[in-house]
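For reference, the structure is listed below as structure tokens.
First the proteins, then the strands, lettered A, B, ... as listed; each starts at 1.
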There are 2 protein chains.
Amino acid sequence: MKLNAQQLERVANLFRAFAEPTRLAIVQELKADEMSVSDIVGCLSTSQANVSKQLKLLHDAGLVSRRKQGTQVLYRIADPMVFELCRIACDKLNRDAVRPAKLKF
Amino acid sequence: MKLNAQQLERVANLFRAFAEPTRLAIVQELKADEMSVSDIVGCLSTSQANVSKQLKLLHDAGLVSRRKQGTQVLYRIADPMVFELCRIACDKLNRDAVRPAKLKF
DNA sequence: TCACCATATAGCCAGATAGTTATCCTTGCA
DNA sequence: TGCAAGGATAACTATCTGGCTATATGGTGA
């Protein structure tokens, strides 16, 4: 069974969400815990505006969920497939590495 | 264990290879069999130059391998993780779909 | 009501890249 | 040797988007 153009586009959009280091960094921070936007900003070296923007993109892709708590918004990974994809990607990079230095998400 | 900036970049690059419909279409054609460039071109609606370009990108990412046979170059999927990633992505899209229409790569 | 904090959004710019056309390189064969 | 076919590459363009600054929105406490 082959996917048509529209379905391929949807798959591509999903992967595109993972195709940027900043978004991966956000995902990595969220791996352990739910976090507020400002907490995430504190962990990364980019602006609050950019973190919000990338979180929106991740949310639109269905990869993170949010809930409000007072003035804060707490984000978390919405789907375990996120971890699965990251693990598979790291496994491949570890396999391909000439000098192994075990990546683990 | 957290990935550093360079490692995140490498993971992002890997996902980026999957983040374009044309490349996914190529991967999809290669799912069953090894194929020549012109065979692939015949299945898709884009130019030979573009197929070569995208194949090079997939090859650089370690996702496809090539071997020459006469004047032809035959490409195949180099790593089963390709299928695994595609399956996980399709599974998610199927789960998220309001009206299920089972995607399967 | 006001000041303040957390988050989201708007508008802009620079860099990246998918796709095109044209051209080059390589191989096999007459 | 020459030519034709299969692939790769170059150069260019249009589009997309990550990141920035500035601003808007919304909740909280005094």
Taking [Y]'s backbone N and O only, do any of them form a donor-acceptor pair with [X]'s side chain (distance below 3.5 Å, no angle check)?
| X | Y | result |
| --- | --- | --- |
| A:Lys92 | B:Val11 | no |
| A:Asn4 | A:Gln6 | yes |
| A:Arg16 | B:Ala19 | yes |
| A:Asp33 | A:Met35 | no |
| A:Arg23 | A:Ala17 | yes |
| B:Asn94 | B:Cys90 | yes |
| A:Glu29 | A:Ile26 | no |

Which residues within residues 63-75 of chain B lie with some heavy atom under 4.0 Å of an atom in DNA chain D?
-> B:Arg66, B:Thr71, B:Gln72, B:Val73, B:Tyr75
Expressed in angstrom and rounded to an integer, what is the separation of [X] atom [atom1] from [N] atom [atom2]?
| X | N | atom1 | atom2 | answer |
| --- | --- | --- | --- | --- |
| B:Met35 | D:dG7 | CE | C1' | 15 Å |
| B:Asn50 | D:dA14 | CG | P | 17 Å |
| A:Glu9 | D:dC16 | CD | P | 11 Å |
| B:Leu57 | D:dT9 | CG | P | 12 Å |
| A:Glu20 | D:dC16 | CD | P | 16 Å |

Going by heavy atoms in the side chains, are A:Val82 and A:Lys31 under 4.5 Å from each other?
-> no
Hey, does [X] reach any base, or is it just sugar-phosphate, or nothing, if we go heavy atoms under 4.0 Å?
| X | result |
| --- | --- |
| B:Ser47 | base |
| A:Thr46 | sugar-phosphate |
| A:Ser52 | base |
| A:Gln48 | base |
| B:Lys53 | base |

Would you call the rings of A:Phe18 and B:Phe15 parallel, tilted or perpendicular, where under 30° means parallel and over 60° means perpendicular?
-> tilted
For B:Val51 and for A:Thr22, locate the closest nucleotide of DNA chain D by heavy-atom distance; then report the residue assigned to the nucleotide nearer the 5' terminus.
-> B:Val51
First and last nt of DNA chain C near chain A, cut-off under 4.0 Å to heavy atoms, 5' to 3', are C:dA6 to C:dT9
Determine: side-chain N/O of A:Arg23 to OP1/OP2 of D:dG18, distance under 4.0 Å, yes or no.
-> yes
